Amino acid sequence: MSRYNARVVEPKWQKAWEEADVFSAKRDENRPKYYVLEMFPYPSGRIHMGHVRNYTMGDVVARYKKATGFNVLHPMGWDAFGMPAENAAMDKGVHPGDWTYQNISDMRAQLKPMGLSIDWSREFATCDPEYYGQQQAMFIDMMERGLVYRKEAVVNWDPVDMTVLANEQVIDGKGWRSGAPVERRALTQWFFRISDFAEELLDALDGLTNWPEKVRLMQKNWIGKSRGLQFAFDLTTPAAGHDRIEVFTTRPDTLMGASFVGISPDHPLARALEADNPDIAAFNAECRRMGTSEADLETAEKKGLDTGLKVRHPLNPDWELPVWIANFILMDYGTGAIFACPAHDQRDLDFARKYGLPVIDTFLALDDPQPVTDTAFVPPKEQKVKWIDHFTGLDIATGDEAIEATIRLAESQGWGKGVTQYRLRDWGISRQRYWGCPIPVVHCPDCGVVPEKKENLPVELPRDVSFDKPGNPLDRHPTWRDTPCPKCGRPARRETDTMDTFVDSSWYYARFTAPHAKTPTVMEDAEYWMNVDQYIGGIEHAILHLLYSRFFARAMHLTGHLPKKAIEPFDALFTQGMVTHETYSTTGPNGLPVWHSPDEVELRENGAVLRATGEPVEVGPVIKMSKSKKNVVDPADIIDQYGADTARWFVMSDSPPERDVEWTAAGAEAAWKHLQRLWRMTSEIASADASDTVDPALERETARAIDAVTRGIEDFAFNKAVAALYAFANAIARSGAGAGARRRAMLTLAQLMQPMTPHLAEEIWQALGGEGLVSQAPWPKADASLLVDDTVTLPIQVNGKRRSEIRVPKDMSKEEVEKLVLADDAVIRFLKGREPRKLIVVPGRIVNVVV
RNA sequence: GCCCGAGUGGCGGAAUUGGUAGACGCAGCGGAUUCAAAAUCCGCCGCCGCAAGGCUUGCCGGUUCGAGUCCGGCCUCGGGUACCA
């Protein structure tokens with residue numbers, strides 16, 4: 001009997017698939033299509049286990065859908081622009097383009113041995129000029145459609161390197177290379193008007209019924225629709241050209257609890273006051289000495305400065321409130337100014353206590369009417385509370401009712417109006433970096449901002465750039481910037497900002513439907529292949545990437561690049577968990593941990609040691625595989641050692657796909673053993689006498705396996721499909737059926753495992769005389785009559801605890817079941833002669849005797 | 001800080017969605033085979049207890065004949081937080 005040698009078998013079948021052109025997708029109006037897409041990878045240079053898991057899941061779906069008769073589109077590409085290429089250029093002196101294309105070539109070589117059913121003829125990278133040129137064409141269309149504009153926005157500025165930093169490059173408020181405290185600096189930047197679509201993007205979430213509820217909820221909260229009141233506080237004396245401060249509040253009902261008015265350090269008034277107030281200038285400068293990320297802003301120590309200005313309360317002109325500048329007020333949300341109500345907002349309360357500002361209760365709890373001390377009283381808006389002398393005359397009412405009453409009052413008295421506000425901000429796409437899609441506009445001294453002519457697209461990145469100094473190489477390129485104005489032809493300068501890489505990934509799914517077209521998309525192809533029937537990727541993309549894509553598909557429709565039906569591009573979404581691994585560390589001479597990769601470590605019964613030196617190793621928590629902690633297992637090594645099927649089988653086993661999976665060497669070994677066992681069984685069956693004794697139990701197990709595996713794949717419960725395949729293999733191994741019957745069962749097993757382990761499935765299929773390729777065989781159907789049992793086991797509980805069970809015909813009447821139950825020994829024992837108080841019979845499920 | 005998740009034997013997990021908690025797999029233990037080992041095959045395997053029985057789904061409380069599942073309050077870990085992708 002030959003051992004199964006994946007190293008020989010896997011390339012053989014991959015070649016066979018390629019020669020038979022099994023996976024290329026061709027438009028065929030007569031066949032139903034199915035578009036499976038996994039989020040395309042960033043070409044870091046190595047595939048990691050997360051990729052293996054993601055692409056195996058997609059492949060299982062693609063192969064299964066193909067077997068059930070669909071014309072499947074399953075493409076692959078590269079999300080190839082981004083900062084790591086520029087970092088490599090700075091660190092290693094390589095060109096970002098060379099680095100990226102080399103990585104793509106390396107990763108493709110690592111991916112191909114996985115045996116994925118991908119149509120490689122559709123492959124592209126977002127850094128291909130053919131791709132980003134089409135993106136530029138759409139940008140111009142969107143400009144003309146009014147979906148694009150420019151405005152000032154703040155960035156992280158490294159004052160030493162004189163460069164813009166990404167949020168991730170700001171560590172504890174300092175630049176990651178220079179170590180200098182970063183500053184917030186305003187630049188004129190390009191924006192997409194995504195906020196115009198806030199209401200529509202929110203409403204349409206309800207239609208995404210095949211998306212995880214959690215993702216829809218996260219998007220809903222991100223869009224953040226809220227109703228509130230907009231009104232102004234009049235300054236007692238005008239200052240720096242301002243006579244009032246506009247505020248937006250979602251809690252106008254608490255207006256009598258106002259204790260101060262707060263404005264953002266970036267508020268126009270705050271900026272205007274800097275000119276002749278050094279204290280304010282210093283305070284604002286201090287506030288700007290921090291990163292721009294919301295997490296940083298929100299977790300920073302709350303600080304404020306009294307401007308000395310006063311405003312009048314709108315409900316009582318004699319009541320004057322101080323105006324403070326506070327570092328936690330965002331200029332991007334609402335009007336950049338608030339009124340603070342410390343009694344009913346914890347952050348305002350902390351601030352008020354810190355600076356000795358008044359705390360005024362406006363309502364009290366009905367059950368425990370205590371005034372606020374250290375904890376703000378913030379009940380849900382639906383909860384009824386007792387109002388203290390409310391200006392609308394309410395006494396006991398909910399927050400919602402009080403808010404509406406306040407808005408009505410303000411509108412009738414004319415001092416404020418009810419407005420709907422969204423948290424969602426417009427999408428800033430300007431990046432002051434080289435390795436991205438150039439924004440195709442020209443700045444002309446005479447004509448202003450002019451889009452490039454479409455026939456001049458793509459605006460290609462210049463090849464000759466240097467990364468020896470920080471900052472955007474496009475800015476200091478000697479000739480690339482100089483270009484004639486597309487309108488008047490006189491000398492002008494190109495825009496040097498490139499686009500956010502999220503733009504690239506907001507339409508690649510559409511490009512896959514016509515990847516080599518001379519236009520962004522081709523209507524007939526988009527019409528046939530869109531939408532993506534199943535999209536699969538990490539939960540980390542739940543908000544930004546998916547929301548941007550939803551917006552971009554709408555924008556593409558408005559500019560004639562996608563049909564109406566594609567404005568929600570992803571019909572179904574699945575978010576997978578991460579691949580994790582234990583961490584191993586020793587302590588270095590400086591007291592800091594030194595991390596070790598799993599292949600440097602030997603696991604022994606009494607602990608882990610370094611293979612090389614025998615030094616004991618600390619086994620740390622199981623976390624996401626990452627280079628910095630060295631807890632990575634290279635899929636290439638696993639594929640080399642065990643074969644792709646083992647890696648695929650392992651990542652589909654055990655852990656539910658939406659949850660994190662921990663890679664363990666033992667698990668990989670076990671997967672390999674199981675596949676070896678299947679091959680032994682196949683060899684045994686192939687060489688056995690062809691007796692055809694039928695085993696009814698095996699027939700039933702076959703039907704059950706087909707049913708369970710089908711449901712497992714349909715429901716994205718691959719771990720359950722795998723468990724059913726284990727059970728089926730055990731059933732075949734134990735069956736007393738003749739070789740003919742077991743051969744049939746084994747062929748069914750090959751079909752059922754084909755989506756997960758396609759190479760071994762082909763080998764088994766061939767060894768047992770299956771016709772053609774199992775990758776092209778139709779999906780097996782379960783004999784429904786074998787799936788039903790006519791008797792069931794009914795557990796009997798006494799007071800909710802299982803005490804006994806009876807086996808009864810499935811359709812036995814309640815009365816008969818009750819009789820049997822009361823005659824049951826265990827029940828009699830537990831009743832001890834007492835009458836049952838109640839007897840609950842759930843037909844076909846359970847019986848509960850209540851004593 | 002805010003938004004969204006997750007938590008079940010030694011381990012990964014299953015549980016027909018309110019009805020037998022622990023399917024399937026790993027590890028472990030016992031046996032068979034072998035000169036021996038590896039590999040393989042068979043069996044056992046939540047915890048406490050000799051047993052009867054009791055306990056058990058992160059913690060506390062509630063609803064219910066019945067809760068891993070529903071409700072309220074916590075704890076821990078993870079994802080996102082708009083320039084990481």
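Keep in mind that what you see is a predicted model, and the values were worked out from it rather than measured. The sequence lines fix the lettering, A, B, ..., with proteins before strands; numbering per chain opens at 1. Only heavy atoms go into these numbers, but all of them, side chains included; no hydrogens, no water, no symmetry mates.
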Colleague: Just the rounded figure in Å: distance from C1' of A82(B) to CG of Leu297(A).
Modeller: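 Between C1' of A82(B) and CG of Leu297(A): 12 Å.
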
Colleague: Could you check Thr757(A) against Arg648(A) for side-chain hydrogen bond (donor to acceptor under 3.5 Å, both in side chains), going step by step and ending with a plain yes or no?
Modeller: CA-CA 7 Å; Thr757(A) 55; Arg648(A) 295 172 59 122; over 6 Å; no

Colleague: Would Arg423(A) pass as a cation-pi partner of Trp222(A), given that its NZ or CZ must be under 6.0 Å from the six-membered ring centre and within 45 degrees of the axis?
Modeller: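 Pair Arg423(A)/Trp222(A) counts as cation-pi.
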
Colleague: Considering only atom C1', compute the distance from G12(B) to A27(B) and round it to an integer number of Å.
Modeller: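 Here G12(B) and A27(B) have their C1' atoms 11 Å from each other.
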
Colleague: Would you mind classifying the nucleic acid contact of His541(A) as base, sugar-phosphate or nothing, using non-hydrogen atoms under 4.0 angstrom?
Modeller: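 Here His541(A) touches the bases of the nucleic acid.
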
Colleague: Measure from the side chain of Arg659(A), starting at C-beta and using heavy atoms only, and say which of G13(B), C42(B), C65(B) lies closest.
Modeller: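 The answer is G13(B).
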
Colleague: Please classify the nucleic acid contact of Thr501(A) as base, sugar-phosphate, or nothing, using heavy-atom distances under 4.0 Å.
Modeller: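 Contact class for Thr501(A): sugar-phosphate only.
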
Colleague: Which part of the nucleic acid does Val847(A) contact within heavy-atom distance under 4.0 Å: base, sugar-phosphate only, or nothing?
Modeller: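 Counting heavy atoms under 4.0 Å across all strands, no contact is made by Val847(A).
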
Colleague: Would you mind telling me which of A21(B), A85(B), G5(B) lies closest to the side-chain atoms of Lys214(A)?
Modeller: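 So the nucleotide nearest the side chain must be G5(B).
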
Colleague: Kindly point out which of U81(B), G1(B), C84(B) is positioned nearest to the side chain of Trp222(A)?
Modeller: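 From the listed options, U81(B) comes nearest.
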
Colleague: Less than 3.5 Å apart, any donor N or O on the side chain of Asn730(A) or Arg677(A) sitting next to an acceptor on the other?
Modeller: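 Present: a donor and an acceptor within the cut-off.
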
Colleague: Which way is the base of G73(B) turned, syn or anti, if we draw the line at 90° from 0?
Modeller: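 Anti, since the glycosidic angle lies more than 90° from 0.
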
Colleague: Please round to the nearest 0.5 Å and tell me the distance separating atom CE of Met90(A) and atom CE of Met83(A).
Modeller: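 Met90(A) atom CE to Met83(A) atom CE measures 9.0 Å (nearest 0.5 Å).
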
Colleague: If I pick the C1' atom on G49(B) and the same atom on A37(B), what distance separates them, to the nearest angstrom?
Modeller: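 It works out to 40 Å between them.
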
Colleague: Centroid separation under 6.0 Å, is that true for the rings of Phe574(A) and Tyr535(A)?
Modeller: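 Tyr535(A) vs Phe574(A): aromatic centres not under 6.0 Å.
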
Colleague: Which value, in whole Å, describes the distance between the P atoms of nucleotides G66(B) and G19(B)?
Modeller: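 Their P atoms lie roughly 15 Å apart.
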
Colleague: If the P atom of U63(B) is compared with that of G28(B), how far apart are they to the nearest Å?
Modeller: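 My reading of the P atoms in U63(B) and G28(B) gives 46 Å.
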
Colleague: Does the ring centre of Phe328(A) sit less than 6.0 Å away from the ring centre of Phe351(A)?
Modeller: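 Yes, they do, as the ring centres are separated by less than 6.0 Å.
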
Colleague: Out of G19(B), G1(B), C4(B), which nucleotide sits closest to the side chain of Ile840(A)?
Modeller: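 Nearest to the side chain of Ile840(A) among the choices is G19(B).
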
Colleague: I'd like the P distance from C74(B) over to U81(B), given in whole Å.
Modeller: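 Looking at atom P only, U81(B) and C74(B) are 26 Å apart.
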
Colleague: Could you tell me whether U81(B) is syn or anti, where syn means a glycosidic angle within 90 degrees of zero?
Modeller: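 Anti conformation here, the glycosidic angle of U81(B) being more than 90° from 0.
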
Colleague: Please report, rounded to the nearest Å, how far the P atom of C4(B) is from the CH2 atom of Trp211(A).
Modeller: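 Atom CH2 in Trp211(A) sits about 17 Å away from atom P in C4(B).
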
Colleague: Tell me: CE of Met107(A) to P of A85(B), nearest whole Å?
Modeller: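 That distance rounds to 15 Å.
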
Colleague: Could you tell me how far apart Leu544(A) (CG) and U81(B) (C1') are, to the nearest whole angstrom?
Modeller: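 After rounding, the gap between these two atoms is 8 Å.
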
Colleague: At under 4.0 Å between heavy atoms, what does Gly428(A) touch on the DNA or RNA strands: base, sugar-phosphate, or nothing?
Modeller: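 Sugar-phosphate only.
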
Colleague: When you compare G1(B) with G18(B), how far apart are their P atoms, in angstrom units rounded to a whole number?
Modeller: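 Taking atom P in both G1(B) and G18(B), they lie 34 Å apart.
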
Colleague: Please give the distance between the P atoms of G5(B) and C60(B) as a whole number of Å.
Modeller: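 About 24 Å, rounded to a whole number of Å.
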
Colleague: Would you indicate which nucleotide in A85(B), G5(B), A82(B) comes nearest to any side-chain atom of Asp79(A)?
Modeller: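 When the side chain of Asp79(A) is considered, A85(B) is the closest of A85(B), G5(B), A82(B).
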
Colleague: Please confirm whether any donor atom in the side chain of Glu294(A) sits under 3.5 Å from an acceptor in the base of G1(B), or the reverse.
Modeller: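 Indeed there is one.
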
Colleague: If pairing requires Watson-Crick or G-U wobble contacts with both distances under 3.5 Å, which nucleotide is the partner of G7(B)?
Modeller: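 Partner of G7(B): C75(B).
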
Colleague: Determine whether the side chains of Asn54(A) and Gln576(A) contain a donor N or O and an acceptor N or O closer than 3.5 Å.
Modeller: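 A donor-acceptor contact under 3.5 Å links the two side chains.
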
Colleague: Is there a side-chain polar atom (N or O) of Asn799(A) under 4.0 Å from OP1 or OP2 of G66(B)?
Modeller: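 For G66(B), neither OP1 nor OP2 has a side-chain N or O of Asn799(A) closer than 4.0 Å.
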
Colleague: Using a cutoff of under 3.5 Å, can you pull out all pairs of nitrogen or oxygen atoms linking the protein to nucleotides 23-26 of chain B, with atom names and distances?
Modeller:
| unit_1 | atom_1 | unit_2 | atom_2 | d |
| --- | --- | --- | --- | --- |
| G25(B) | OP1 | Asn730(A) | ND2 | 2.9 |

Colleague: I want to check one thing: is the phosphate of U81(B), taken as OP1 and OP2, less than 4.0 Å away from some side-chain N or O of Ser293(A)?
Modeller: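 So the side chain of Ser293(A) is outside the cut-off, no N or O lying under 4.0 Å from OP1 or OP2 of U81(B).
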
Colleague: Show your working on ring-ring contact (aromatic ring centres under 6.0 Å, His included) between Tyr548(A) and Trp427(A) and close with a plain yes or no.
Modeller: CA-CA 8 Å; Tyr548(A) 290 150; Trp427(A) 175 12; 3.8 Å; yes

Colleague: Send over the distance from Arg734(A) CZ to C42(B) P, rounded to a whole Å.
Modeller: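 In whole Å, C42(B) P lies 6 Å from Arg734(A) CZ.
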
Colleague: Which one, C4(B), U20(B), A85(B), comes nearest to the side chain of Gln797(A)?
Modeller: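 Ranking C4(B), U20(B), A85(B) by closest atom to the Gln797(A) side chain puts U20(B) first.
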
Colleague: Within 45° of the axis and under 6.0 Å from the centre of the six-membered ring of Trp190(A), does NZ or CZ of Arg150(A) qualify?
Modeller: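 Yes, Arg150(A) lies over the aromatic ring of Trp190(A).
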
Colleague: Whole Å only: how far is the CZ atom of Arg704(A) from the C1' atom of U16(B)?
Modeller: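 Distance, rounded to whole Å: 13 Å.
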
Colleague: So which one's nearest nucleotide on RNA chain B is more toward 5', Ile846(A) or Ser655(A)?
Modeller: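 It is Ser655(A), whose closest nucleotide lies nearer the 5' terminus.
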
Colleague: Could you check whether atom NZ of Lys810(A) has more than 12 heavy atoms from other residues, nucleotides or ligands sitting under 6.0 Å from it?
Modeller: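 No, because the 6.0 Å sphere around NZ of Lys810(A) holds 12 heavy atoms or fewer from other groups.
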
Colleague: For G53(B), take OP1 and OP2 only and decide whether either is under 4.0 Å from a side-chain N or O of Arg829(A).
Modeller: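 Yes, within the criterion.
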
Colleague: Atom CD of Glu168(A) and atom P of U81(B): how far apart are they, to the nearest Å?
Modeller: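 After rounding, the reported distance stands at 11 Å.
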
Colleague: Using the P atoms only, state how far G68(B) lies from A21(B), rounded to an integer number of Å.
Modeller: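 That atom pair is separated by 8 Å.
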
Colleague: Using only modelled atom types and a 3.5 angstrom limit, is any donor from either the side chain of Asn848(A) or the base of C65(B) paired with an acceptor on the other?
Modeller: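 Result: at least one qualifying N/O pair found.
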
Colleague: Expressed as a whole number of angstroms, how long is the span from Tyr42(A):OH to C84(B):C1'?
Modeller: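 After rounding, the reported distance stands at 10 Å.
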
